[in-house]
Number of protein chains: 2
Amino acid sequence: MQNTGLKTAAIEKISHKEYFNIAVSVDCVIFGYEEKQLKVLLIKSDLKEFEGLWSLLGDLVTPNENLDDAPYRVLLERTGLKDVYLEQVHSFGDVHRHPSGRVVTIAYYSLVNIKSHKLNLTDNELHWHNVAELNSMAFDHKLILDTCLQRLQEKVLEHPVVFNLLPEKFSLRELQDLYQAILGQELDRRNFRKRINLKNWLVDLNEMEEDVPHRPGKLYKLKSGLKKISTDLNRSKPVKTHLV
Amino acid sequence: MQNTGLKTAAIEKISHKEYFNIAVSVDCVIFGYEEKQLKVLLIKSDLKEFEGLWSLLGDLVTPNENLDDAPYRVLLERTGLKDVYLEQVHSFGDVHRHPSGRVVTIAYYSLVNIKSHKLNLTDNELHWHNVAELNSMAFDHKLILDTCLQRLQEKVLEHPVVFNLLPEKFSLRELQDLYQAILGQELDRRNFRKRINLKNWLVDLNEMEEDVPHRPGKLYKLKSGLKKISTDLNRSKPVKTHLV
DNA sequence: ACAAAAGTGTTTGGAGTACACCCATGG
DNA sequence: CCATGGGTGTACTCCAAACACTTTTGT
């Protein structure tokens, strides 16, 4: 083969080395649910510039880990949880978004059951915040949170993901409360039940709630086969056009 | 104020400098439309590793440009077009996705009218490819293309974006052909027209097609106020729940 | 006259929405 | 018996889908 004018990757790397000067991070919007409120797990910023403000859990991507593995690592390190639901949402890369230097961050949200990891967050400066009450945050993290919440709101309408926030067994009332917390609006009970029924996501356990101060409701669980945990790129169905 | 244990950004930068070792690029899936086929603008790979394969138009993000500005720059440099429609889609960052080193790329798609920039692509190795006929590409660009196409397919169902691919004036037949090319399926003419009518996107120009070898159709244009060009984060309406 | 596409309407089914009453349990 | 939520059905409207004939123009 002659000299074709093509360059090898090795040569290209040399010619571009001044560009390898941007850090890449991931930020995780870790959603939880408790007492009828959607929560997000935050940490007190350790940067002087943002003293007193809260920030998302994130970390720089290390040179030898895949981008999509980084948020799993962050989750594991911070909450001890594996097999969480994670979805990549959006990248944020304004020049001055981070005071330490040029950091492009890729935002993910995850859904975790608060009860299942009460343990790991006693010592550090981690706290669950009510999403509805959050105002300013460190960096551009409020924007990231809003973007992820919006994505979650769209997601839950069509996909059975909220079950990652609930215990194994739950009543329809609990499920409805959760949807209301995520969507930020009240839903009609009868229509909600019809709609959930149509989705065919649930199995009736033939068990009842206990220790409730009123008539107990039936308990359900997510139908097996509808994997709770999954990543983003799993559209197997064709596009629903509504245009055919 | 005492020493609070907080670090300044400058100090943090020093402690993390070994991480500023990943390059960030953007890759643009530039869609066009011609002869009833959805096209994508590609360039012959200049890397020996991918000799003979085609790749998306992309570039490294420079240290002093905002992430979302980078794809505009790429578009401008490659096609001479400003004010194109651009949407950020997804980030790809597997460790070995790029032979030159660690490169995390953020994928965007854009919609351009092929006719409006015929000029700039004579010299270089740029060509419009039929999306439906593309198989292997350089890097992970086939995956990126597929992801962007999927996003485009979802987008066009609800948002008036396809008009960026059409001339100012068009017939409903042309519009339907375009939707069919994007969605990869045939649509019923009567239902399609009803649906488009419901969307209320178009203005009837009271003009007719000319020089067609059959009965001419009426011409329409996009209603003004429905800006053709826009970026991603412009959801003003609340979530449509279908659950209230 | 023929070819090619424009233009148009009806019927059916499914799903969203609004809405009100009785039931079961704990206190 | 009261409070609290559980559980249910109907009527209406809107939209998607399937489907066929007549009209207009160029050749």
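A note on names: the letters A, B, ... follow the listed sequences, proteins ahead of strands, and every chain is numbered from 1.
Using a 4.0 Å heavy-atom criterion, one finds that A:Arg189 contacts the bases of the nucleic acid, with or without backbone contacts as well. Within the nucleic acid shown, B:Lys218 comes within 4.0 Å of sugar-phosphate atoms alone, with no base atom in reach, counting heavy atoms only.
Here the nucleotide nearest the side chain of A:Asn191, chosen from D:dA16, C:dA18, C:dA5, is C:dA18. Among the nucleotides D:dG6, C:dA15, D:dC19, the one closest to the side chain of A:His214 is D:dG6. Proximity note for A:Arg190 (side chain, C-beta onward) versus C:dA5, C:dA20, D:dA17: the nearest is C:dA20.
To the nearest angstrom, P of D:dT25 lies 12 Å from CD of B:Glu209. Rounded to whole Å, the distance from OH on A:Tyr179 to P on C:dG16 is 13 Å. Protein atom CG of A:Asp188 is 13 Å distant from nucleotide atom C1' of D:dT10, rounded to whole Å. For the pair B:Glu186 CD and D:dC19 P, the interatomic distance rounds to 14 Å; values are reported in whole Å. Across the protein-nucleic acid pair, B:Asn197 atom CG and C:dG9 atom P stand 11 Å apart, rounded to whole Å. Here C:dA5 presents its C1' atom at 18 Å from CZ of B:Phe170, a figure rounded to the nearest Å. The distance between atom CD of A:Gln176 and atom C1' of D:dT4, rounded to the nearest whole Å, is 15 Å. The distance between atom CG of A:Asp177 and atom C1' of D:dG6, rounded to the nearest whole Å, is 13 Å.
Nearer the 5' end of DNA chain C, as judged by each residue's closest nucleotide, is the contact made by B:Ser171, out of A:Met208 and B:Ser171.
For A:Lys194 against C:dT17, a side-chain N or O and a base N or O form a donor-acceptor pair under 3.5 Å.
The phosphate of C:dG7 has OP1 or OP2 within less than 4.0 Å of a side-chain N or O from B:Arg193. For C:dA6, the OP1/OP2 oxygens have a side-chain nitrogen or oxygen of B:Arg173 closer than 4.0 Å. Distances shorter than 4.0 Å separate none of the side-chain N or O atoms of B:Arg215 from OP1 or OP2 on C:dA4.
Using cut-offs of 30° and 60° for the angle between ring planes, the B:Tyr85 and B:Tyr109 rings count as tilted. Ring-plane geometry between A:His127 and A:His129 is classed as perpendicular, the angle between the planes exceeding 60 degrees on a 0 to 90 degree scale with a lower cut at 30.
No side-chain donor-acceptor contact under 3.5 Å links A:Asn197 and A:Lys194.
B:Asn164 has its side chain out of reach of B:Val84: every pair of non-hydrogen atoms, C-beta onward, lies at least 4.5 Å apart.
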For the pair B:Leu157 and B:Leu183, evaluate side chain to side chain contact (heavy atoms under 4.5 Å, CB included) and give the outcome as yes or no after the intermediate values. CA-CA 9 Å; B:Leu157 298 178; B:Leu183 297 173; 4.1 Å; yes
